[in-house]
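Heavy atoms only: backbone and side chains are in, while hydrogens, waters and symmetry mates are out.
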Amino acid sequence: MQRILTTLLLLLGIAMSGVAGAQETSWWQAEWKYRKPITLDTTAAGLTTDAGRTPVLVRLHAGNFAFDGMAPNGADLRFVSGDGRTVLNHQVEQFDAALGIAAIWVDVPALRTGAPQSIWMYYGNENAAAANTAQLVFDPDYVSVLHFADASGAPRDTTAYANHARNEVALADDGVVGRGAHLSGEPLVIPAAASLQTAAGGAMTFSAWIQPTQAGANQALFSRRDGAGSLLAGLDAGVPFVEVNGVRAVGTAAVAEGQRSHVALVAGNGQVLMYVNGGEAVRLDAALPALGTDILIGGDAIVSGAAAEGTQPVAANAFVGGIDEVRLSKTARGAGLLQADVASQRADAKLLIFGEDEQTEGVSHFGFILKAMPFDAWVVVAILGLMMLMSWAIMIAKGRHFSRTSKANAVFTASFGKLAGAPLRTLGEMDRQGKAPTDMHDGSLWRIYQVAIDEMQQRHQRDGNSGYLSAATIAAIRASMDAVMVREQEGMAKRMNWLSTTIEGAPYVGLFGTVIGIMLVFVVAAMAGAVDINSVAPGMAAALLCTAAGLGVAIPALFGYNYLGARAEAIGADMAVFIDEFAARLAEEQDGRGPAPVQG
């Protein structure tokens with residue numbers, strides 16, 4: 001049995017290695033024919049701080065993507081994390097397969113510095129519907145994101161807050177990301193809303209790409225005035241500045257005219273900072289006032305009641321130039337995220353490295369289920385695998401033992417039956433002389449017979465009577481035979497309790513794995529913000545595989561247990577019949593006047 005168990009363990013190891021190898025090449029779902037690896041290399045991009053959850057821009061063009069084999073509108077695009085299971089939210093800002101250009105925002109849950117990260121872009125499923133996760137790409141602290149992607153009308157917010165702009169602005173096709181806007185004197189107004197309110201001492205972030213065409217004096221990029229409180233950020237002859245309640249801090253380096261630059265205004269923890277291209281440019285120690293009025297992008301306006309102690313503030317000048325990717329947050333964004341925005345969105349971005357496209361080669365659906373199994377499920381499957389190995393080893397060993405015993409008993413029964421008129425010890429004497437079949441030695445009947453013959457000889461030697469055994473002596477011999485039968489039955493029942501444990505326990509172990517797997521699926525989906533069927537279904541299928549594995553272990557064990565139980569009962573019946581027959585013949589042999597009374 002030890003050799004059998006060792007062989008089965010070796011086969012399981014080989015199979016698990018094959019599964020692990022298959023996992024490395026398995027695909028997320030079989031319906032998608034193609035995928036493209038994308039590496040996020042923060043070192044090459046120059047990032048020095050972890051960004052955390054980041055909306056990363058994926059630019060597709062003729063130089064890195066052929067646009068072949070996919071839906072014309074990009075509805076079959078899916079992005080999957082490096083673990084091969086987690087579906088990432090994505091938002092399509094621009095997609096034109098005919099022109100060979102696309103801009104897609106992908107929600108990366110944790111962008112870290114150090115080792116590169118990988119994601120997969122899947123495509124090539126003509127039956128796929130467009131993913132409904134666009135509003136989940138930007139985390140809930142983003143309260144307004146304007147891409148300027150619409151061809152006409154006021155710019156629309158792509159978050160769930162729906163903080164759309166009030167007025168239309170001139171649009172241009174040469175934005176930093178797809179289409180952008182051009183401001184020439186009239187600011188972009190975002191109406192006041194509950195989600196845009198800032199409490200006194202609160203936090204907020206404004207960021208945008210700008211391209212000044214006139215480096216004028218005191219130009220406002222962001223303005224919000226509420227009574228005596230005000231927050232202003234802009235450029236003065238190209239030099240960035242921030243101002244809170246009339247107190248201003250000015251930077252040192254100017255933003256070049258005609259050059260695209262990323263600017264960000266971050267307020268919180270008693271400080272107001274302005275970043276240019278991911279680097280700190282201005283710092284002002286000041287807490288924000290309570291602000292709940294309209295937000296002006298690229299302009300400024302004095303509202304009634306803004307005068308303080310008879311001093312009437314002067315409105316800043318309007319910004320003139322291009323603007324794109326306007327974002328508002330109700331929290332103070334970290335420097336790592338702002339660096340990631342610059343590294344991901346600029347035209348010469350080095351954050352993303354595109355690999356060669358791959359095509360599926362008929363991977364089975366079962367392979368995709370294995371690919372989606374988490375580590376916890378593999379632990380359960382490994383436990384079930386050990387239970388399966390033990391049960392199969394027991395069934396094989398017991399089956400071989402019962403088969404040998406049954407064949408040997410059949411040979412013994414035939415040989416014993418041929419000597420019906422001869423003394424009972426005749427078969428034993430023939431065996432000592434080498435005239436009896438040796439195959440019967442593996443049988444339980446032979447072992448019972450030997451014990452009976454040995455008892456007879458011992459009784460004759462002890463009593464000194466070589467011709468007669470009393471009824472009490474025959475009963476004692478029968479008791480010795482019964483004892484051997486009990487020990488034989490105990491040997492046949494040995495380890496059978498493991499089979500019954502496997503039958504009853506394996507389904508519960510599999511169910512435990514399923515419950516844990518389903519819990520993890522929902523936790524991961526909630527953390528990633530992905531609740532569509534494509535992100536949940538693979539994990540659910542993998543979790544249910546644990547239950548299937550439990551049943552797969554229990555069902556063969558059940559069949560084997562019933563089969564071996566029937567074989568054991570048959571062998572036990574043969575032993576009981578032989579003991580009765582031996583005792584009867586022994587009584588007749590010892591009493592020439594008829595069968596002696598036999599007890600037991």
Side-chain angles (χ1 to χ4, degrees), residues 49 51-52 138-145 159 161 163 187 189-208 210 218-236 239-253 262-276 278-316 319 326-339 341:
T49 307
F138 295 88
D139 67 57
D141 286 333
Y142 284 101
V143 291
S144 184
V145 175
T159 72
Y161 294 99
N163 288 315
V189 181
I190 300 179
S195 58
L196 296 174
Q197 289 183 353
T198 302
M204 57 82 61
T205 301
F206 156 77
S207 65
I210 62 171
N218 200 32
Q219 292 182 333
L221 294 175
F222 177 93
S223 174
R224 197 171 194 186
R225 298 180 184 273
D226 191 349
S230 65
L231 173 62
L232 186 67
L235 303 175
D236 189 1
V239 178
F241 69 86
V242 294
E243 181 180 302
V244 176
N245 296 339
V247 179
R248 176 176 293 196
V250 182
T252 56
H262 185 270
V263 295
L265 173 66
V266 180
N269 299 320
Q271 291 182 331
V272 179
L273 300 93
M274 189 169 180
Y275 292 83
V276 176
E280 183 180 326
V282 186
R283 178 185 292 264
L284 175 64
D285 291 329
L288 285 183
L291 301 172
T293 54
D294 294 348
I295 296 175
L296 303 183
I297 308 296
D300 186 21
I302 303 300
V303 296
S304 59
E309 299 181 358
T311 301
Q312 183 68 26
V314 178
F319 170 78
V326 173
R327 299 180 183 179
L328 295 172
S329 300
K330 57 182 178 181
T331 187
R333 298 293 180 180
L337 177 61
L338 300 177
Q339 290 178 5
D341 287 342

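Of all heavy-atom pairs between V244 and A287, the closest is CG1-O, 3.7 Å. The two residues Q339 and G278 have their closest heavy-atom pair at CG-O, 3.7 Å. Of all heavy-atom pairs spanning N163 and S144, the tightest one is O-OG, 3.1 Å. The two atoms that bring V263 and V276 nearest to each other are CG1-CG2, 4.4 Å, heavy atoms only. When all heavy atoms of A51 and G336 are compared, the pair lying nearest together is CB-O, 3.5 Å. Contact between A192 and D294 at its shortest, heavy atoms only, is N-OD1, 2.8 Å.
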Go through it in stages, so that I can follow the logic: the residues are R327 and D341, the test is salt bridge (charged side-chain N to carboxylate O under 4.0 Å, His left out), and I'd like the CA-CA distance, side-chain angles, deciding distance and then a yes or no.
CA-CA 11 Å; R327 299 180 183 179; D341 287 342; 3.5 Å; yes
For L288 and R224, run side-chain contact (heavy atoms from CB on, under 4.5 Å): C-alpha distance rounded to whole Å, both residues' side-chain angles, the deciding distance at 0.1 Å, then the answer.
CA-CA 11 Å; L288 285 183; R224 197 171 194 186; over 6 Å; no
Go through it in stages, so that I can follow the logic: the residues are L235 and I210, the test is side-chain contact (heavy atoms from CB on, under 4.5 Å), and I'd like the CA-CA distance, side-chain angles, deciding distance and then a yes or no.
CA-CA 11 Å; L235 303 175; I210 62 171; 3.9 Å; yes
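Between the side chain of T205 and the backbone N or O of V266 there is no donor-acceptor pair closer than 3.5 Å. Judged by distance alone, the side chain of T293 and the main-chain N or O of R225 form a donor-acceptor pair under 3.5 Å. Side chain of N269 to backbone of Q271: no donor-acceptor contact under 3.5 angstrom is found. Without hydrogens or angle criteria, S195 side chain to Y161 main chain gives no donor-acceptor distance under 3.5 Å.
The OG atom of S329 sits 8.5 Å away from atom CE of M204, with the distance rounded to the nearest 0.5 Å. Here the CD1 atom belonging to I295 is positioned 7.0 Å from the OG1 atom belonging to T198, to the nearest 0.5 angstrom. F319 contributes atom CZ, which lies 11.5 Å from atom CD1 of I297 (distance to the nearest 0.5 angstrom). Rounding to the nearest 0.5 Å places OG of S223 at 5.0 Å from CG of L296. Once rounded to the nearest 0.5 Å, the distance linking OH of Y275 with CG of L338 reads 6.5 Å. One finds the CD1 atom of I190 at 7.0 Å from the CG atom of L196 (value rounded to the nearest 0.5 Å).
Only one option out of V282, L231, L273 pairs with L265 in a side chain to side chain contact (heavy atoms under 4.5 Å, CB included); it is L231.
Residues F241 and L232 are in side-chain contact: their nearest non-hydrogen atoms beyond the backbone lie under 4.5 Å apart. Using a 4.5 Å heavy-atom cutoff, the side chains of L221 and M274 are in contact. For the pair F206 and V326, the minimum side-chain heavy-atom distance is below 4.5 Å.
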